Amino acid sequence: MPKITPGTLGAVAAVALLLALPPILDLVGAPFYVDVATRIAIFAIAAVALDLVLGYGGMVSFGHAAFIGVGAYTVGILSTHASNGTLLFDGALPIGGTHSALIAWPLAVLASALVAFFIGLVSLRTRGVYFIMITLAFAQMIYFFFVSLETYGGDDGLSLWERSSLLGLDLYDSTVFYYLVIFILIAVLVFCRRLVGARFGRVIVGARENERRMNAIGFPTYRYKLVCFTISGAIAGLAGALLANQTEFVSPSLLHWTRSGELIVMVVLGGMGTLLGPVVGAIFFLLLEDVLSELTQHWMIIFGPLLILVVLFANRGLLGLLRRGTGNDTR
Amino acid sequence: MNPSQPLLSVRGIVKRYGGLAASDGVDLDVATGEIHSIIGPNGAGKTTLVGQLSGEIRPDAGQILFDGRDITTVPTYRRSALGLARSFQVTSIFPRLTVLENVALAVQAHAGHSFVFWRPAAEEERLREPAREALARTGLERHASSIAATLAHGEQRRLEVAMAIATEPRLVLLDEPTAGMGPEETRQMVDLLHDLRRDTTILLVEHDMDVVFALSDRISVLVYGRVIATGSPEAIRANADVRDAYLGEEYADG
């Protein structure tokens, strides 16, 4: 039997709150906030993915928006072809589009994993600032690739005619879609939690702490970091697939480099290397963006100083602050 | 000459940095089971030699044979897999992990691949048991759950050694294991190395002559990137060239 710790209680309470959110919002007469919550949860998935490489692996990827974009475009492109009955590839083996989530979403994950693998293959040869620059450069290349992809809307983006279909669920129902996203977020968190505690995670953390020593005791760290980067890209791609479904629209702006920056802010703000921290960071960032941007268009003027305060005074991020506040500081 | 094949054999390795030859044709044989020390003045090329033996620096010329196998171009991590472990001159540990985790990682590197994504490493006795043994041997078992950064300097140096021996190496390359230690800590390290020689060969790079002469079966003297003499401690002490080049110089420095 697992021990019942304040941490377990906190997790149970958090899950209960997430599950109870739609009826609560209904009750207070603000049901449209379910969509906001869904959007936050989707970005939380991407932020958790980034935390794997940034927080645990110490690899500052400035290009994670590209993986979201690749995932989103995979769903968008497949959906477009399914809607207008055209072929994706014409030739000996004609391939059409699909609305099926069971096909499109895994393909989105696969596509972003592939892109992450090849970007990682090159960029993981470098360290520090060079790694940041190279991941940014690759992400920009992919951004401009979609900008110039006229077949799929180019700069204007691509509207989805339909959301994906999944096992008879009504994904147009905000509440259903919300629960689906929350389920995926929790599954991603559980998977990542296991991963960082398993052998693989130890190698990633060891490479962050002291890569030279890792090589000396016998680890080919490069290939472990590459697999970590690929897994992270794949999860970000899954977030992209969900985002495409929620907004029913994909455009190059999804891949804009400022998006990659926002993901880093979510991770750092919430607490690097904690997995839950990035979730808190995503909630805080997107809610504040929502609230502040209604006050002023220059909401960053208020948000910026707040961010500085958190970085200066809560070096373990908002999650660290929360844990200290509840006397549940485990580390 | 050795009757049997040496465990480690260095054949004329050269490493140049610009006009300076940090290794200028180094020849060295380390026999199985011995403690072989490398001494030499600052700038003699000891660090460069260690770098080439561990695989971090590639020689411009020459060969390194480990157990008869040419490892000159073999990457660092694979040398470790072959049984060549090292410690670092400047303490190189995982400061934010616990002492046990530090050593368990070293064990993990030699216990199959690490593409394990689900099973918690902390529950793998296969990793923790050998790690505890290595801690017991180095006298660190009391500190198993301490964060490595909180250890005293001498204890961190022993943790270095624990991580090296946890990989069950056939040869341990120890780069100044007593660097920065007080007399008591140095004595503990000498005892530890005495104990280690029972099951592994040791190549020791060391500045402390008391340590070198107390432990070594053989000593090689490195000066200006070349080995100018190899022999028993007595022979090295009596060697006029060595006195001129190094031991005498130290005398003058003192």
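No experiment lies behind these values; they were computed from the predicted model shown. Numbers restart at 1 for each chain; the letters A, B, ... are given by sequence-line order, proteins then strands. Both backbone and side-chain heavy atoms feed into the values below; hydrogens, waters and symmetry mates do not.
Of the listed residues (B:Ala111, B:Ala121, B:Pro95, B:Pro75), the one with the most heavy-atom contacts under 4.5 Å to chain A is B:Ala121. Of the listed residues B:Gln108, B:Arg78, B:Glu123, B:Glu124, the one with more heavy-atom pairs under 4.5 angstrom with chain A than any other is B:Gln108.
B:Arg119 touches chain A through its backbone: at least one of N, CA, C or O sits under 4.5 Å from a heavy atom, while the side chain does not. If you measure heavy-atom distances from A:Arg193 to chain B, you find no contacts under 4.5 Å at all. Neither the backbone nor the side chain of B:Ala85 comes within less than 4.5 Å of any heavy atom in chain A. When heavy atoms are compared at a cutoff of 4.5 Å, A:Val196 does not approach chain B at all. For B:Ser54, no part lies near chain A; criterion is any non-hydrogen pair under 4.5 Å. With a 4.5 angstrom heavy-atom cutoff, B:Leu127 touches chain A only via side-chain atoms.
To the nearest 0.5 angstrom, B:Phe115 atom CZ is 4.5 Å from A:Tyr224 atom OH. Rounded to the nearest 0.5 Å, atoms CG (B:Leu97) and CZ (A:Arg202) are 7.5 Å apart. Atom NE2 of B:His113 sits about 12.0 Å away from atom CZ of A:Arg223, to the nearest 0.5 Å. Rounding to the nearest 0.5 Å places CZ of B:Phe88 at 7.0 Å from CG of A:Asn210. A:Ile217 contributes atom CD1, which lies 14.5 Å from atom OH of B:Tyr77 (distance to the nearest 0.5 angstrom).
Pairing each heavy atom of A:Ala198 with each of B:Val116, the nearest pair is CB-O, 3.2 Å.
Contact check for A:Met214 versus B:Phe94: side-chain heavy atoms found under the 4.5 Å cut-off. Looking at A:Phe219 and B:Leu105, their side chains come closer than 4.5 Å, going by heavy atoms from C-beta outward.
Looking at A:Arg199, its side chain never comes within 3.5 Å of a backbone N or O of B:Ser114 through a donor-acceptor pair.
Crowding of B:Tyr17 atom OH: a count of heavy atoms from other residues, nucleotides or ligands under 6.0 Å exceeding 12. Counting non-hydrogen atoms of neighbouring residues, nucleotides and ligands closer than 6.0 angstrom, the CD atom of B:Glu168 reaches no more than 12 such neighbours. Around the CZ atom of A:Arg194, the shell of radius 6.0 Å holds more than 12 heavy atoms that belong to other residues, nucleotides or ligands. By the 6.0 Å contact criterion, CE on A:Met272 is open, its count of non-hydrogen atoms from other residues, nucleotides or ligands being 12 or less.
The aromatic rings of A:Phe200 and B:Phe117 are tilted relative to each other, their planes meeting at an angle between 30° and 60°.
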